[in-house]
Amino acid sequence: MTRKVIIDCDPGIDDAVALCMALFDPRLEVVAITAVGGNVSPDQATRNVQAILDQLDPPRRPRIGCASEPANSLPVDAKHIFGNDGLGNNDFPFVEHHQRHAAEKVIYDEVHAAPNQVTIVACGPLTNIARALLRDPELAAIIGQLVIMGGTVSAPGNVTPAAEFNIYSDPESARIVFRSAMTKTLVPLDVTTQVAQTYDFLDQIPDETSRAGRFLAKTLPYLYRTHRQHLGEEGIHLHDAVALVAATDRDLFELRQMACDVEVAGELTRGATVFDRRRLPQWRPNTEVAISADSTAVTDCILRGLAEAARAT
Ligand code: RIB
Ligand code: CA
């Protein structure tokens, strides 16, 4: 019995790696990929989802949900890390899909078609998830699980000292999601930055005899270059791929129920994820949080997923 998943993403090369793993994982049925603005504009994120599907050509084409502008314009992008097009400036061609459906509508449709059976892996700002909840508040009760890449518990932010990129990009939506009754698992920077891919990772990914291998060869080296140039890091973090592993192999993570909320007003702290860790907490726990991971095993899962994609393409 395969598990139905929706990948909500703002491709972004690490989003693309997560998609490459999910689309060919025999345990998963990717029923939809919904695009959201973040690393790049909403329109570019939608184009990138189509381009990635055209590059990988999976046997089952998921539905595509199109991104739309968030209520507050995106405060930042990540083009300096992922390239102007979000995928290493490859300007991949793509086939425009004539039937364009809004991401939140696709989420609504797919969750109602399979109540309590759909896992959503949120790899970008939480705009679409919040909009789906606002469209139908009952949705929180019938989404199987929401796995979120975002936030920090004790680690510093990566877009401000206090905030991680996905949450910072749309804090109001993130607050709606964290305050909802949904079953949530948060995979914060504290954990995703534990799983570092040094240069030897490039020697272990599939070769260019497959579609997946060619796509990775065109995108990953770019990420290593920008991490070195802009972040001074000799390696990369595939944050969204780690979040996908948390959805498929949760036993590789130490998880703890915590009470989380999002700062939406702070001049210095807007977008920060705040946890009630007082000795006598007053907030009700609302999120399962990954607080550590078996980094080697998680990297092995990523490599196995990419090898499966290469075998299939
Ligand atoms: O902070 C890391 C997150 O921001 C990842 O999802 C990456 O793709 C960017 O969206
Ligand atoms: Ca992302």
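For clarity, every value in this text was computed on a predicted model and none was experimentally measured.
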- Message: Starting from Leu303, can I reach Leu202 by hopping between I/L/V/M/F/W/Y residues whose side chains sit under 4.5 Å apart?
- Response: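 Yes; tracing contacts between hydrophobic side chains, which count when under 4.5 Å, links both residues.
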Measure from the side-chain N and O atoms of [X] to the backbone N and O of [Y], and report whether any donor-acceptor pair falls under 3.5 Å.
| X | Y | answer |
| --- | --- | --- |
| Thr160 | Ala162 | yes |
| Thr313 | Ala212 | yes |
| Arg63 | Ala32 | no |

Just by distance, no angles: are the side chains of [X] and [Y] close enough, under 3.5 Å, to form a donor-acceptor pair?
| X | Y | answer |
| --- | --- | --- |
| Asp200 | Thr198 | yes |
| Thr273 | Glu164 | no |
| Asp136 | His112 | yes |
| Gln50 | Arg47 | no |

All side chain to side chain donor-acceptor pair (under 3.5 Å) counterparts of [X], not counting sequence neighbours:
| X | value |
| --- | --- |
| Asn89 | Tyr222 |
| Arg256 | none |
| Ser73 | none |
| His101 | none |

Side chains of [X] and [Y]: closer than 4.5 Å at any heavy-atom pair?
| X | Y | value |
| --- | --- | --- |
| Val17 | Leu220 | yes |
| Thr226 | Leu231 | no |
| Ile7 | Asp15 | no |
| Leu223 | Thr219 | no |
| Ile148 | Phe178 | yes |
| Phe82 | Asp14 | yes |
| Asp85 | Val40 | no |

- Item | Worked verdict on Arg135 versus Ile107 for side-chain contact (heavy atoms from CB on, under 4.5 Å) | CA-CA 10 Å; Arg135 178 193 186 100; Ile107 291 169; over 6 Å; no
Could you give the distance from [atom1] ([X]) to [atom2] ([Y]), rounded to the nearest 0.5 Å?
| X | Y | atom1 | atom2 | result |
| --- | --- | --- | --- | --- |
| Ile6 | Asn128 | CD1 | CG | 10.0 Å |
| Asp8 | Leu146 | CG | CG | 9.0 Å |
| Arg304 | Asp249 | CZ | CG | 7.0 Å |
| Thr46 | Arg100 | OG1 | CZ | 6.0 Å |
| Ile13 | Ile81 | CD1 | CD1 | 9.5 Å |
| Ile129 | Ile143 | CD1 | CD1 | 6.5 Å |

List the residues meeting ring-ring contact (aromatic ring centres under 6.0 Å, His included) with [X], not counting sequence neighbours, and say none if there are none.
| X | value |
| --- | --- |
| Phe215 | Phe92 |
| His227 | none |
| Tyr199 | Tyr224 |
| His230 | His80 |

Among pairs that include at least one residue of [range], which meet salt bridge (charged side-chain N to carboxylate O under 4.0 Å, His left out), considering only residues two or more places apart or in two chains?
| range | answer |
| --- | --- |
| residues 280-293 | Arg250-Glu288 |
| residues 49-60 | Asp54-Arg61 |
| residues 177-186 | Arg179-Asp261 |

- Query: Do other residues, nucleotides or ligands put more than 12 heavy atoms under 6.0 Å from the CD atom of Gln257?
  - Reply: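 Yes, the 6.0 Å shell around CD holds more than 12 heavy atoms from other groups.
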- Message: Assess the residue pair Lys4 and Glu29 against the criterion (salt bridge (charged side-chain N to carboxylate O under 4.0 Å, His left out)); give the C-alpha distance rounded to whole Å, side-chain angles, the decisive distance to 0.1 Å, and a yes or no.
- Response: CA-CA 5 Å; Lys4 295 182 188 298; Glu29 176 192 358; 3.1 Å; yes
- Full working for salt bridge (charged side-chain N to carboxylate O under 4.0 Å, His left out) between Glu172 and Arg175: CA-CA 5 Å; Glu172 284 78 10; Arg175 169 173 277 191; over 6 Å; no
- Task: Could you tell me which residues satisfy side chain to side chain contact (heavy atoms under 4.5 Å, CB included) with Ala293, sequence neighbours excluded, listed by chain and number?
- Result: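 Ala293 satisfies side chain to side chain contact (heavy atoms under 4.5 Å, CB included) with Val191, Gln194, Phe253, Val298 once adjacent residues are dropped.
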- Query: Do you know which two heavy atoms are closest between Leu87 and Pro11, and how far apart they sit?
  - Reply: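 Minimum heavy-atom separation between Leu87 and Pro11: CD2-CB, 4.3 Å.
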- Ionic contact status for Arg3 with Asp25, cut-off 4.0 Å: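 No salt bridge links Asp25 with Arg3.
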- Task: Step by step, work out the side-chain contact (heavy atoms from CB on, under 4.5 Å) result for Arg27 and Thr2.
- Result: CA-CA 5 Å; Arg27 300 168 293 179; Thr2 53; over 6 Å; no
